[in-house]
Amino acid sequence: MATASVKTNLLGLSRDEYKGLATTLCAGCGHNSITNHIVKALYDHGVNPYRLAKMSGIGCSSKATAYFVERAHAFNAVHGRMPAVTTGAAVADRDLLFFGISGDGDTASIGLGQFCHLLRRNVDCTYLVENNGVYGLTKGQFSATADLGSVQKKGAVNQLETIDIAGLAVQLGASFVARSFSGDGAQLVPLLRAALSHRGTAVLDVISPCVTFNDHDGSTKSYQYVKEHELILQELDFIPSQHEVEVNYPEGSATEVELHDGSHLRLRKLGREHDPRDRIAALQVIDDARQRGEVVTGLLYVNPDTADLCTAERLPQTPLRDLDEAQLRLSPGQFRELLEEWA
Amino acid sequence: MATASVKTNLLGLSRDEYKGLATTLCAGCGHNSITNHIVKALYDHGVNPYRLAKMSGIGCSSKATAYFVERAHAFNAVHGRMPAVTTGAAVADRDLLFFGISGDGDTASIGLGQFCHLLRRNVDCTYLVENNGVYGLTKGQFSATADLGSVQKKGAVNQLETIDIAGLAVQLGASFVARSFSGDGAQLVPLLRAALSHRGTAVLDVISPCVTFNDHDGSTKSYQYVKEHELILQELDFIPSQHEVEVNYPEGSATEVELHDGSHLRLRKLGREHDPRDRIAALQVIDDARQRGEVVTGLLYVNPDTADLCTAERLPQTPLRDLDEAQLRLSPGQFRELLEEWA
Amino acid sequence: MAEPGSVDLNLVASTVNGSGSQSANLVLTRALFAMGIPVSPKNLFPSNIEGLPTWFYLRANSAGYRAGRRRADLLVALDRATFAEDVKRLEPGGVLVYEEAFGVPEPGADHLHLYPVPFASLAKSAIPDPDLRKYLTNMIYVGVVAEILGIPDSALEDALLHQFRSKPNALSSNRQAIALGRDYFGTHLTKTDLLRVEPIDRTSGKLLLEGNQTAALGALMAGCTVLAWYPITPSSSLAEHLIGLADRYRVDPASGERRIATIQAEDELAAAGMVLGAGWAGARSMTTTSGPGISLMAEFIGLGYYAEIPGVFVDVQRVGPSTGLPTRTMQGDVSFAYTLSHGDTRHPVLIPGTVLECYEFMQWAFDLAEQLQTPIFVLSDLDLGMNLWMTDPLPYPTTGFDRGKVLHKDELDQMARFERYRDVDGDGVAWRTVPGTEHPLAAYFTRGSGHDEAARYTESDETYTRVIDRLARKLESGIEKLPPPLLEGGSAEVGIIAYGSSDPAVEEALDVLAVEGVAADYLRLRALPMAPSVADFVAAHERVYVVDQNRDGQMFQILQVELGPLLAARLRSVRHYDGLPLFAADLVDAIRPLESTRVGQSAVPLVGAGH
Amino acid sequence: MAEPGSVDLNLVASTVNGSGSQSANLVLTRALFAMGIPVSPKNLFPSNIEGLPTWFYLRANSAGYRAGRRRADLLVALDRATFAEDVKRLEPGGVLVYEEAFGVPEPGADHLHLYPVPFASLAKSAIPDPDLRKYLTNMIYVGVVAEILGIPDSALEDALLHQFRSKPNALSSNRQAIALGRDYFGTHLTKTDLLRVEPIDRTSGKLLLEGNQTAALGALMAGCTVLAWYPITPSSSLAEHLIGLADRYRVDPASGERRIATIQAEDELAAAGMVLGAGWAGARSMTTTSGPGISLMAEFIGLGYYAEIPGVFVDVQRVGPSTGLPTRTMQGDVSFAYTLSHGDTRHPVLIPGTVLECYEFMQWAFDLAEQLQTPIFVLSDLDLGMNLWMTDPLPYPTTGFDRGKVLHKDELDQMARFERYRDVDGDGVAWRTVPGTEHPLAAYFTRGSGHDEAARYTESDETYTRVIDRLARKLESGIEKLPPPLLEGGSAEVGIIAYGSSDPAVEEALDVLAVEGVAADYLRLRALPMAPSVADFVAAHERVYVVDQNRDGQMFQILQVELGPLLAARLRSVRHYDGLPLFAADLVDAIRPLESTRVGQSAVPLVGAGH
Ligand SMILES: Cc1ncc(C[n+]2csc(CCOP(=O)(O)OP(=O)(O)O)c2C)c(N)n1
Ligand SMILES: Cc1ncc(C[n+]2csc(CCOP(=O)(O)OP(=O)(O)O)c2C)c(N)n1
Ligand code: SF4
Ligand code: SF4
Ligand SMILES: [Mg+2]
Ligand SMILES: [Mg+2]
């Protein structure tokens, strides 16, 4: 049969089963490319659609959760408040795999406070920012990640310092911080899989050009600009531990990070050495690139050994919603005892 | 006459005229010591009480604006929202000298987003955080600056990473970031005067023990702890440019920063070299100290050459409120012209 | 159609958003306008940037009715996705212009006048560049419609010149596209319908303007010097219009100094705080937002109320709750805004009903904010704010700013003492100073916690009560300063109370009902709290229909409380809440049955979409 | 005092906060309680940590009246700052115990029984350690009062044992301090007053509990597994009680696992989001806050309403607007919470009136949230939540949790299709699934924007209206599930409607009015929207007084709207809003004149502090 020939992943699911509704975003929007990379990463990683929870805020970017894994629950929160909703859901059911998508306005403007506190709590989720430096859905105003001096389609010039989401995340002690570019699947897919394997908040700051309002000279988030200035910091070779894969990469110059699920992430240094376990080095490399007007991409920082919120709160493995009266109420004896104490 | 003998500053005002209402804070509260240092700094600096605007949020710390310069206007905003109110007031009248006092809960918990955006806009004000790691006014719950592992009076242990206000400010590109300790007037007063002279947002993260809820072992904000672990990074010698003062400090090992008002700030290095114009170095020194469980104090970073919000917005020197119909309305001619265009 | 030149045409063009159909729609609008025919265009657009269905409604009515109509006399169908549904929107015997490639519409369309046009292939052959082609295809429909309705080239030329005045080199290509459509119809199709427009003279001296545009000019003329805002549909364009005007009229050519601060805040909560900070410092400050922003401003509005800080808060309403339908219209925030924030609060609310009032009420609002020292709401909506409306020219202000009770150094010199919250004049409004006032008496402490007349902190029960009672008195005494209700007619048995963008539909409905024998008077509310004359109006009518564009009859409820039980008994609620602008027929259909069979229940939910 | 043992004593102790007077006050309270005398203590404390005036009100009433009284029979004055003012709070002929060093009180006090006591010097001589001394000085007053009232040592001993059960080594020093006071009075003063208490048996089996404490236990017994909160007076202690209980009863001794997540959020806005996230994921989640927090939650509550997400939102009300008086009580958030958020919204509101109901209603609320799939408000207040109240023991729950309409894998196996927002049962409540449900039909998309029955995004006018109408129906059909109003009496001409912490004052006022010849029936509202029986009650009474602890008569207004004009005409508004708890006299003084001279205006603002 035809179906017999359909390729499937280790869960026996075809790649199509990781697709979602047709996109309603602009043709050529960077967000659409990211969606495709997400589909591939989730498929390759063999994520169970039923355990996936797709979280987002409000914006063109936040619509993207509708465009992959239609069979997963999704929560489109209010603008900038996805972190709080995700935190609540994450403690309610630590079994779920939370995949959050936000925009730069959603994260760095209205949502900045919640974003910082999500990192502080190290909520176990992937937090992907589709970063285009503008408010796409409201037609192109600057966001807080718009670079100083970049020119808006309508002609206005941004007067304010940009907020570097990756740098901020590293400074706040996030346990996984990477940056990539929507057009660079070869880099983004492995980063996504590494994020999926990470326990704690994995921040992916993905430059994602808004072709309608931000893809013009002057914008430092446009295809042109990024392609010209992008600087590949590392390539990633991700080895899932489920099955051994022979890969022939040159030995020696490799830093190997062991993720909590036992899978290994091996980083190949390009051009210069970067140790992704060195916070200050990460800040330095971001800063240096910025000084040169470059965008540094790759895995900037990772600490596989942090406790996520559920661990810190010592929550049971059973989802809290599944606990019953016997597990949640005082026994009649305890109850009587307590009231006597209170008497 | 007796009055003749009263010492006055260059405005001819006595120090008493910089005092406020009697404090209603706990006896021994670090916040009270800070108030005294503020009084001295404003007096020494010769600040005009009528041009001073005292801003704050909500908390024991935020009450402090009532305890100095009674003749200055004050705005006690809602909890965590002093930055927005200050931003609005600052553009309305760039002639005013804004002095903001907040708490760690007010700034790093509920107010974190606004705090970050205040820095991003580089609003011209002094922003002093009276940092005690707890919510004093609501009786001692942990704030976001409570250190990992510190123990609450009620016995709970903080499970979360602390937010380092100074480090965060440096990372976000704040133009003036210093840290001090409420008990260290010798250091704080000069820092305050440097902040008053700085154009742009000057962040002062002042460790200020809460004697009632946080001054016990386990807390890293207590007098004991700080006194034991404090590490003086620099001493400050502040020279107002109004009149030359002979000071005999050893030459050579000094870094001199020129502030926008022409006054000079000379930093004396102690123990190690720190260049307060080097952002990464500032992050490094904060991080190093933290690693050693120490609190680093002093002027961590300063960039005297940034444009504050009013400059970036190219606002006139005249307070906006003083502009009249002639300056604000279209002329009848322009009006007619515009309507014709619209026709 | 009765007398010569009389027109009542409702055209609907169904296209895809982001395809540039906007300019085609505008050219058509302006062409009819140039012929002297009153027009009111409306865009029903999706909350999306490109590729989804969008509808353009164009009402051309020689009697000057400004409301839309639900059903189309002429439908231009260029979006295959909605073709079948759109055809159902046609009046029986209506005219259908459609992309030939869609094929003959479903059975049931045979009673229509069908004009299939091969837009795509026409464009393909004539316009090589694909982007330009996608865009110009819409212009072709303008030509077709012009030919059908008999719109002269002169009118189209006027429209084109206006539309492309800033990019003249786009003129010829658009002109050609229109010609293409005209010629195709002329050569390949024969007119079977009776639709026709003729030049009349009912638009001279009039303008076509958007409420957000006129409100922006109003703010500028009101001397607004601080705008703090956060982008949100449908209010963004108000801020952007104001910024555009400021760039042009508030910048000193010599120094480059800007006599206004326009701050894009990080969110609405911060925007509200900036407005209060600026108002406290004495500047005329405002923000503009929509429903979700109002929710986020709740805490700050309470501070503004209790600490008595001026500020103007514009809410260009859209469909709630929550994110709702961001690109549809509703009057859903009336009761929420009126008593926004926890505790006992109440805020003056101005409700413009025309683009002219959008301009006037912004100026009114800035005066009121400083007169009453409190946050003032201006409640507009998407229909009023984002659509073009025919209007008389905006008048140049005849008076200066009223800055309210502010004490300066020289006045303080004359005073023994100053107390910020002392009601010295008996109108509930105390005098204030601004920071920076060089006088020992000037300073006071502003706070949202308990305070006495001298602005000192207090928890005293007596003082708290005294202050909060004064705030209630202040608002009472302020009512006479608010825009009074407008009254039409006077002797009928039936009354209609409406507000805001319901006005056009009510005006038209009054005529229809009159023809049907139901005479009704009309009171248009323009502010809350309510003026005494509202009670008089209700007292003078047996049955009063209160028109709300929301589900819960919010104004109906407010009236019930403020009028008291006796008069409340005369009120009937008419509700429209499907996100579409209010149509006259919706009102007529709701009121007719109740008036024919004099059975007045107290609520008539009106599912607009239902018919 | 009539029959033997009958007591009606109102004691006021005026001290400085942070001085440890709390435990002295509690020992006195418990001692009277141990004598079998019903007590209701109230703290009037400042929004400050140390050094400001604080008052302790203790009503001891053998008839069981729980409301406070404004004036004191016995005043203990230990704060010089407020001495003069405090003396004015004494009933004529009252008893004044005061620090001798303050000197004889102002003229006007001569009609009082004066007992000067040198507290400071007594303490100084007896207690060397200064900190301990400051603290124990308060205990000395307990001894003095015990001697005056004739409280036996046995009762004091019971109280001491209860108070210091966790720190027994503090017992003796406190015991000595009390003895010190007793002895001083015995040896240096002679009793001239007639105040006296005798043991009766009216407290056996009763408990003294705070509303926040019983609400916390209610939440625990309701199976709350997620608490997200932000500290704010007067709601913090509810969260802290719950955390304390959880530490004790939700931790697995073996694994150390905690069967509840208690997250201190960064603010209330985030707390609300966490509650919705957890509710969406199927957990029983709650937050607790006060006015300012409610304002910050406005946007999320609208999302919860429109996306239909369960969650319990407790508002322990304090005095607004804005920061207001954080440590004073009010019912100021009723109308704001009821329709919180922009657009058309309406939320079930539970209003407990006793500490027992605080316990019960929390359990009720968690069931309702999941039954109706919407945010549920529980409106308590500072008076109810932070003061001790005498109550019957709390009953152990007799039923299990009602988790509402949730579909699991096995049920989905039986179904052809699942649509999240389809009203299959006709009660307006649709079925939901939770994320993690292993079934191809389970997933759906949750959003605050327009959606159809299948949870698909839509901007359709018809669909929008259908969904929003169902939400209104859902709430209607939910009314029968809410706590019904409680009715007392039934045949009188006059009715009183009150809610929440007004109950004790109303109960007492009813008796007083009855004695004065004004018979009145009493309906206590316990939830919104209102049950049909409220209309019946109003219909059955000529005049109905609606008691609000807020300035604007918020419940009075809601009743006007929900009852309709005919019944609304019978309503009169009685308002108390000075931040003090409601006293019976305030009601009697407000209603008496209206009933004697049958002139019923429709609003009787009642400046509590005024008399
Ligand atoms: C409270 C609130 N304020 C404003 C808006 C309007 N709004 C919708 S999306 C958006 C910004 C989106 O920008 P971003 O997050 O960068 O996403 P993008 O569209 O660029 O992908 C705004 C301001 C809203 N929905 N809610
Ligand atoms: C919106 C809001 N939430 C909560 C509170 C209650 N509250 C008052 S002060 C405070 C925290 C104060 O902590 P911090 O800022 O560190 O000041 P400190 O008292 O420690 O000096 C809180 C939570 C409030 N006033 N407003
Ligand atoms: S507007 Fe920009 S961000 Fe939004 S869909 Fe289009 S291209 Fe993407
Ligand atoms: S509680 Fe702590 S922070 Fe507040 S006044 Fe007392 S010592 Fe200071
Ligand atoms: Mg963006
Ligand atoms: Mg603090």
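This one's a predicted model, so the numbers in the text were calculated from it and none came from an experiment.
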Determine the option with the most heavy-atom pairs under 4.5 angstrom with chain A, choosing from [options].
options: D:Gly400, D:Ser449, D:Ala271; value: D:Gly400
options: D:Arg30, D:Arg165, D:Arg248, D:Lys206; value: D:Arg248
options: D:Gly448, D:Gly223, D:Pro393, D:Gly256; value: D:Gly256
options: D:Leu208, D:Leu209, D:Val275, D:Leu276; value: D:Leu209
options: D:Phe33, D:Tyr457, D:Phe401; value: D:Phe401
options: D:Ala228, D:Ala307, D:Ala442, D:Ala455; value: D:Ala442

In terms of heavy-atom contacts, does CZ of D:Arg417 have more than 12 from other residues, nucleotides or ligands at under 6.0 Å? no
Distance from [X] atom [atom1] to [Y] atom [atom2], nearest 0.5 Å?
X: D:Leu207; Y: A:Leu339; atom1: CG; atom2: CG; result: 6.0 Å
X: A:Leu328; Y: D:Cys224; atom1: CG; atom2: SG; result: 9.0 Å
X: D:Trp280; Y: A:Thr86; atom1: CH2; atom2: OG1; result: 8.0 Å
X: A:Leu315; Y: D:Ile260; atom1: CG; atom2: CD1; result: 10.0 Å
X: D:Arg250; Y: A:Leu320; atom1: CZ; atom2: CG; result: 9.0 Å
X: A:Cys310; Y: D:Arg258; atom1: SG; atom2: CZ; result: 13.0 Å

Which portion of [X] sits near chain D, non-hydrogen atoms under 4.5 angstrom:
X: A:Leu338; value: both
X: A:Thr65; value: both
X: A:Phe75; value: both
X: A:Glu341; value: both
X: A:Asn48; value: side chain
X: A:Leu96; value: side chain
X: A:Ala72; value: backbone
X: A:Met82; value: neither
X: A:Ala66; value: both
X: A:Arg336; value: neither

Side chain, backbone, both or neither of [X] within contact of chain A (heavy atoms, under 4.5 Å):
X: D:Ala261; value: both
X: D:Phe300; value: side chain
X: D:Thr399; value: backbone
X: D:Val434; value: both
X: D:Leu394; value: both
X: D:His162; value: side chain
X: D:Leu269; value: both

Does [X] use its side chain to pair, donor to acceptor, with the backbone of [Y] at less than 3.5 Å?
X: A:Gln334; Y: D:Tyr249; value: no
X: A:Tyr50; Y: D:Pro435; value: no
X: A:Arg71; Y: D:Ala443; value: no

Pick whichever of A:Asp93, A:Leu309, A:Leu330, A:Thr87 has the most heavy-atom pairs under 4.5 Å with chain D. A:Leu330
Pick from A:Leu21, A:Asp322, A:Asn76, A:Leu97: which one has the most heavy-atom pairs with chain D under 4.5 Å?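 Among the listed options, the one with the most contacts to chain D is A:Asn76.
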Going by atom types alone, do A:His73 and D:Thr437 pair a side-chain donor with an acceptor below 3.5 Å? no
What's the shortest heavy-atom distance between A:Ala92 and D:Ala281, and which atoms?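 Scanning both residues completely, I find the closest heavy atoms to be CB-CB, 3.7 Å.
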Looking only at non-hydrogen atoms, find the nearest pair between D:Arg403 and A:Arg321 and report the distance. NH1-O, 3.2 Å
Show your working on side chain to side chain contact (heavy atoms under 4.5 Å, CB included) between A:Trp342 and D:Leu217 and close with a plain yes or no. CA-CA 12 Å; A:Trp342 282 1; D:Leu217 182 58; 3.7 Å; yes
Assess the residue pair A:Arg329 and D:Leu220 against the criterion (side chain to side chain contact (heavy atoms under 4.5 Å, CB included)); give the C-alpha distance rounded to whole Å, side-chain angles, the decisive distance to 0.1 Å, and a yes or no. CA-CA 6 Å; A:Arg329 282 179 174 166; D:Leu220 197 79; over 6 Å; no
Testing D:Thr262, D:Thr225, D:Val226 for side chain to side chain contact (heavy atoms under 4.5 Å, CB included) with A:Val91, which one passes?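 The single option meeting the side chain to side chain contact (heavy atoms under 4.5 Å, CB included) with A:Val91 is D:Val226.
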Lys/Arg-Asp/Glu bridge criterion (N-O < 4.0 Å) met for D:Glu266, A:Arg121: yes
Is there a side chain to side chain contact (heavy atoms under 4.5 Å, CB included) between A:Gln327 and D:Arg259? Walk through the geometry before answering. CA-CA 8 Å; A:Gln327 294 157 297; D:Arg259 294 189 300 275; 4.1 Å; yes
pair D:Met221-A:Glu325: side-chain heavy atoms closer than 4.5 Å: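 Side-chain contact under 4.5 Å: no.
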